[in-house]
Amino acid sequence: MPIAREDFALVKKVKSGDKNAFCELVEKYKERVYFVAYRMTSNHADADDLSQEAFIKAYQSIGSFREKSSFFTWLYRITINITINHLKKFGRNRPFELDENIRIANDPDSPEKTAQRRELHEQITKAINSLPPKERAVVELAILEDLPHKQVAQILGCMEKTVSWRLFRARKKLKEKLSLYV
Amino acid sequence: MNKEIDKLIKLKLEEKPPKEYFENYRRNLESKLAGVTAPGKINGSYNLLPRFSFVFNGVLLALLIFLGGLIYAQNQQIKSLQFTQEETQNSIYKYLSSLRMRIESEMSADKTGGNVQTPLIYNRIGQVNKKRSADSQFTEFLGYYYKFYGANPLEIGRNSSDIFVRSPESDRFLMGQKLEKSEENDVKLVLSAKIKTFEEGGFSYE
């Protein structure tokens with residue numbers, strides 16, 4: 001069964017009051033939703049709260065989901081909107097250190113290299129955090145999630161040209177910030 | 001160049017939360033979902049409102065435009081009525097003014113002993129009904145006089161002999177003619193009696 005159809009079947013069950021069907025959807029998308037929120041906020045606690053808030057909001061408003069796009073696109077949209085609102089509300093330039101709760105996969109064995117790697121991650125995160133929320137969302141979806149521009153535009157509710165323009169500006173800023181590493 | 005920066009940014013994908021985090025994720029979420037009401041399945045009538053809001057908006061807009069048009073039309077009608085009324089009043093006023101001026105000019109011509117034209121009032125009285133008694137015609141004359149001239153005829157009767165009265169003896173109309181001395185007192189008496197009746201409200205048309 002294709003993913004979209006499988007999701008729609010679960011959505012129908014949720015609409016008819018089956019809470020377990022929703023839990024199945026949560027199980028399926030929890031990591032992706034969490035990472036979207038995490039990469040935009042660079043904070044584990046915020047990402048945890050925001051991802052859960054996104055699921056709750058999706059559960060509450062699933063009746064308005066018209067199945068014109070895939071369930072995941074719809075869920076992404078909710079998550080991105082909640083995260084952008086959070087960033088607008090609590091500021092985007094908070095002082096940054098890599099979250100203690102976050103581990104870097106494939107950490108090198110040598111402590112020296114580990115420290116260097118962490119520093120590089122901190123610089124990347126700092127550069128991303130300096131971007132406005134909407135550009136950050138484009139970086140997350142188009143570069144990190146590697147979604148086509150059309151789908152990014154669908155998620156963000158804007159035109160493809162806007163996505164391209166935001167991505168162009170974001171890349172330019174990131175190159176300036178990370179010129180030492182490129 | 002883009003690929004290099006993208007590659008660098010993609011290092012973010014290596015950042016992971018604690019290993020046990022996702023194991024507890026569902027449990028945490030379920031506890032939060034327990035306090036949340038069931039998903040809003042769109043059944044309630046209020047939910048139809050957003051879907052058809054454009055229809056309601058359209059109807060509301062049309063209603064507002066209709067009401068606006070109605071008020072505008074009513075205003076125009078009132079204005080045109082007011083205009084017509086003013087026009088009517090003006091024409092009545094003009095007619096009355098011309099009538100008054102005509103009477104006045106005829107009266108003054110009588111006083112100065114000029115060429116006497118048959119006065120309008122006399123004409124009217126004379127033409128009204130020859131069969132009617134002179135008394136009733138005199139009463140009508142007073143009515144017209146009072147209505148159009150607006151002055152107290154008693155004064156004229158007292159101060160001048162050039163008045164429009166009927167002599168009781170001759171039973172004829174005296175139109176601006178100088179009264180004979182012998183007639184004057186009779187005329188004044190009759191006039192006084194008639195005016196008194198008129199002022200007491202006993203004046204009536206036949």
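Owing to the predicted nature of the structure, the values given are computational and were not obtained by experimental measurement. The chains referred to below are lettered A, B, ... by the order of the sequence lines, with proteins before strands, and numbering in each begins at 1.
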Please evaluate residues A:Phe35 and B:Leu13 with respect to the criterion side chain to side chain contact (heavy atoms under 4.5 Å, CB included), reporting the C-alpha separation (whole Å), side-chain torsions for both, the decisive distance (0.1 Å), and the verdict. CA-CA 9 Å; A:Phe35 281 121; B:Leu13 297 172; over 6 Å; no
Chain A heavy atoms under 4.5 Å from B:Glu15: which part of the residue, side chain, backbone, both or neither?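 Contact with chain A: backbone and side chain both.
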How many angstroms lie between [atom1] in [X] and [atom2] in [Y], if you round to the nearest 0.5 Å?
X        : Y        : atom1 : atom2 : value
A:Phe55  : B:Glu30  : CZ    : CD    : 12.0 Å
B:Arg26  : A:Gln52  : CZ    : CD    : 13.0 Å
A:Lys177 : B:Ile5   : NZ    : CD1   : 12.0 Å
A:Ile104 : B:Leu11  : CD1   : CG    : 9.0 Å
A:Tyr59  : B:Leu29  : OH    : CG    : 10.5 Å
B:Glu14  : A:His121 : CD    : NE2   : 4.5 Å

Donor-acceptor pair, side chain of A:Lys30 and main chain of B:Phe22, under 3.5 angstrom: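 Yes.
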If only atom types and distance count, is the side chain of B:Lys12 paired as donor or acceptor with the main-chain N or O of A:Ile128 below 3.5 Å?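 No; zero donor-acceptor contacts below 3.5 Å.
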Count the heavy atoms of every other residue, nucleotide or ligand shown that sit under 6.0 Å from [atom1] of [X], and state whether that count exceeds 12.
X        : atom1 : answer
A:Lys12  : NZ    : no
A:Lys13  : NZ    : no
A:Lys134 : NZ    : no
A:Lys172 : NZ    : no
B:Gln76  : CD    : yes

Most chain B-contacting option - heavy-atom pairs closer than 4.5 Å, from A:Ala127, A:Cys23, A:Ala47: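 Maximum pair count with chain B is reached by A:Cys23.
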I'd like to know which of A:Asp146, A:Ile56, A:Leu144 tops the heavy-atom pair count under 4.5 Å against chain B.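 Greatest number of close heavy-atom pairs with chain B: A:Leu144.
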Should the pair B:Tyr21 and A:Tyr34 be assigned to parallel (<30°), tilted (30 to 60°) or perpendicular (>60°) ring geometry?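 Ring orientation of B:Tyr21 relative to A:Tyr34: tilted.
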Considering all heavy atoms of both residues, which atom of A:Ile124 and which atom of B:Leu8 are nearest to each other, and what is their separation?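 So the two residues come closest at CD1-O, 3.2 Å.
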